[in-house]
Amino acid sequence: MALEAIQTVTQAEARAKADREAAAAQAKQRLTDVQREAKQTVEQARQKAREEARQMMAQAEEKAAQATREALEQAGQDCEALKQRARGRLEQAAQLIVGRVVER
């Protein structure tokens, strides 16, 4: 009877050891899977952030280009207005110059 009890305990210990090892292996595999999924999630988030940043930069560049075009157009209009005013005064300037030259 004592021999049977020892064998039963030995078998129970062996099963318990096998169960612990299996549980440890399963836990290790789960940890590996979770770590892999976490890395994938982080990489996806980084990729999404890079794409959003690229889109924001493209939008900012387009806005800057539009502002530059508008500023250049306004500057061109201002220059044209100044030229028109200068042309309007050209005759007066010529008469003034002629008048000063003639007076000397």
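For clarity, every value in this text was computed on a predicted model and none was experimentally measured.
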Nearest-0.5 Å distance that lies between atom [atom1] in [X] and atom [atom2] in [Y]:
X	Y	atom1	atom2	result
Gln11	Glu4	CD	CD	10.5 Å
Arg50	Glu52	CZ	CD	12.0 Å
Arg85	Leu90	CZ	CG	15.0 Å

Salt bridge check, Glu62 against Arg69: does any charged N sit closer than 4.0 Å to a carboxylate O? yes
I'd like to know if Arg54 pairs up with Glu51 as an ion pair, taking the criterion as any Lys NZ or Arg NE/NH1/NH2 lying under 4.0 Å from an Asp or Glu carboxylate oxygen. yes
Would you say Arg46 has more than 12 foreign heavy atoms packed within less than 6.0 Å of its CZ? no
Show which side-chain atoms of residues 19-32 pair as donor or acceptor with protein atoms under 3.5 Å away, not counting sequence neighbours.
{"residue": "Gln29", "atom": "NE2", "partner": "Asp33", "partner atom": "OD1", "Å": "2.8"}
{"residue": "Thr32", "atom": "OG1", "partner": "Lys28", "partner atom": "O", "Å": "3.0"}

Please step through side chain to side chain donor-acceptor pair (under 3.5 Å) for the pair Glu80 and Gln84, ending with a clear verdict. CA-CA 6 Å; Glu80 192 58 39; Gln84 292 298 326; 3.1 Å; yes
May I have the step-by-step check of side chain to side chain contact (heavy atoms under 4.5 Å, CB included) for Lys83 and Arg87, ending in yes or no? CA-CA 6 Å; Lys83 282 192 233 178; Arg87 286 184 186 130; 4.0 Å; yes
Going by atom types alone, do Glu70 and Gln66 pair a side-chain donor with an acceptor below 3.5 Å? yes
